[in-house]
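Just below is one structure, and these are the notes that go with it.
Only a predicted model underlies this, so the values are computations on that prediction, with no experimental measurement involved. In what follows, every chain begins at residue 1, and chains take the letters A, B, ... in the order their sequences are listed. What you see below is based on every heavy atom in this structure, not just the backbone, and it leaves out hydrogens, waters and symmetry mates.
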There are 2 protein chains.
Amino acid sequence: MENAPIAKAEGLRERKRRETLRRIAEIGLRMFVERGYEATTLEAVAAAAGISARTFFHYFKTKDEILQFWQGGGGFLEAVRAALRRGSTRPRALRAVRDGLLEVLPRFTTENSVVADRIWYSTESLRAQKQAFFIELEQTVFAALCERWPRKDRRPGLRMTAMLAVGAFRLAIEARRHDRRTRPLTEYVRESFAVLEAQL
Amino acid sequence: MENAPIAKAEGLRERKRRETLRRIAEIGLRMFVERGYEATTLEAVAAAAGISARTFFHYFKTKDEILQFWQGGGGFLEAVRAALRRGSTRPRALRAVRDGLLEVLPRFTTENSVVADRIWYSTESLRAQKQAFFIELEQTVFAALCERWPRKDRRPGLRMTAMLAVGAFRLAIEARRHDRRTRPLTEYVRESFAVLEAQL
DNA sequence: TTGCAAATATGCAGTCGCTGCAATAATATT
DNA sequence: AATATTATTGCAGCGACTGCATATTTGCAA
């Protein structure tokens, strides 16, 4: 991405670590696709990646972190928050959220993130986590909106906006998941927000 | 396939089973409160309930089913669906949902359900499940609304209504959880919907 | 009352995700 | 080259959960 003031040459250690991390993530994801998430044992992933089972846990705290890796590894919430803080004060909060999402999304959308998304919905416990993520996103959005429109009496409205916006986002992801031919997520997001706005 | 649809005198077997089920649920909940959910081992619950660890799993498929027991054990979604189907056709869908919830809630609110609710939010994995439940509720509500207002062009609006209604419900539960002095959940629901409606 | 089938309880061994600990090997720093 | 850091690994162990085989209890009928 960007080079720090001191473009410190990456040591062998760091490089190997990064490579191993990615290797695990790639092999893991492929195995999840081929055999299913629950049927894929951690030991098997580790073995296929050429490391011991114990070492796996030095790279990922849990099995599902392999999937989180492809979803941006938790950086998404932070990115959305940042985008909302940075974005110009739009007259309508809903638009602000939409634009923030549209701005951030491309950075978190890869070939594999689409594959990973399907797996999230393949297993009950994963589904639950994913949905919990949306709630987190909602809280993040709400908090960001409150910063930008600090008048306390508008909070209930902002709360609603956050709910609606994240809801639209959820519907967009759902729509893409159900499409055979997948278009970029941003398109679904645009459509989803358009439908929502038509209702207001 | 059965003979009498009326209260067939409950056999010893059924009675004992019901008693054991409840005993496990009560002791389990109390232990969760006292020692924390994760710190409470299944073996400990089973021992305290006077059964073997293996037998526990004949009553509850998972540890968290102990908590689900106090939340109505999955019957809530069904009850809401039924209430929405039965309820008079209100002009406003949002009101219909609110009234449906208000009608059903008392049947699922007990002393222990409030306690259980606090535990749901004490642990990450439980929180995720709880939030997944709200999404399920949203889908249930949406489906029920679609039955009642079948015009296809109104669906986006109904989707929104479902989102808003469940959102208000979520906020109500949250509000109660944060209140020291707990009032009946229905009051929080009324308030929450009132705030929402004031925004529309 | 007895006999038998169905339901229930239990022990045991095992899987899987995950953790702590301690020893060892690889890399970085001086 | 010596030393400090960090990575890798094996091992032992925990806790939720399952399958299987066995014993016990209960329901029902001859």
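- Between Phe76(B) and Phe169(B), the ring planes are parallel. Angles under 30° get that label, and only those over 60° would be called perpendicular.
- A salt bridge does not link Arg98(B) with Glu197(B): none of the charged nitrogens is closer than 4.0 Å to a carboxylate oxygen.
- The CG atom of Leu42(B) sits 6 Å away from the P atom of dC17(D) (whole-angstrom rounding).
- A heavy atom lying under 4.0 Å from DNA chain D marks the following residues of residues 56-64 of chain B, by number: Phe57(B), Lys61(B), Thr62(B), Lys63(B).
- Between the CD1 atom of Ile24(A) and the C1' atom of dT8(D) there is a distance of 12 Å, rounded to whole Å.
- As a whole-Å value, the separation of Arg18(B) CZ from dT8(C) C1' is 17 Å.
- Here Thr40(A) lies in heavy-atom contact (under 4.0 Å) with sugar-phosphate atoms only.
- We find that CD of Glu43(A) is positioned 16 Å from C1' of dT8(D), with the value rounded to whole Å.
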Please tabulate the protein-to-nucleotide N/O contacts below 3.5 Å involving nucleotides 11-13 of chain C, giving atom names and distances.
residue	atom	partner	partner atom	Å
dG11(C)	O6	Arg54(B)	NE	3.4

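- Atom CD in Glu14(B) sits roughly 13 Å away from atom C1' in dT8(C) (whole-Å rounding).
- In this structure, Thr41(B) reaches the sugar-phosphate backbone alone: every heavy-atom distance under 4.0 Å involves primed, P, OP1 or OP2 atoms, never a base.
- Residue Lys16(B) places no side-chain N or O under 4.0 Å from the OP1 or OP2 atom of dT25(D).
- Taking atom CD of residue Glu65(B) and atom C1' of nucleotide dC17(D), one finds them 12 Å apart after rounding to whole Å.
- Using a cut-off of 4.0 Å between Lys/Arg side-chain N and Asp/Glu carboxylate O, Glu78(B) and Arg81(B) are scored as salt-bridged.
- Rounded to whole Å, the distance from CD1 on Ile51(B) to P on dT10(C) is 7 Å.
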Please list, for nucleotides 2-6 of chain C, all pairs of protein and nucleotide N/O atoms separated by less than 3.5 Å.
residue	atom	partner	partner atom	Å
dA6(C)	N3	Arg13(B)	NH2	3.3

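- Put simply, CD on Glu38(A) is 11 Å from C1' on dC16(C), counting in whole angstrom units.
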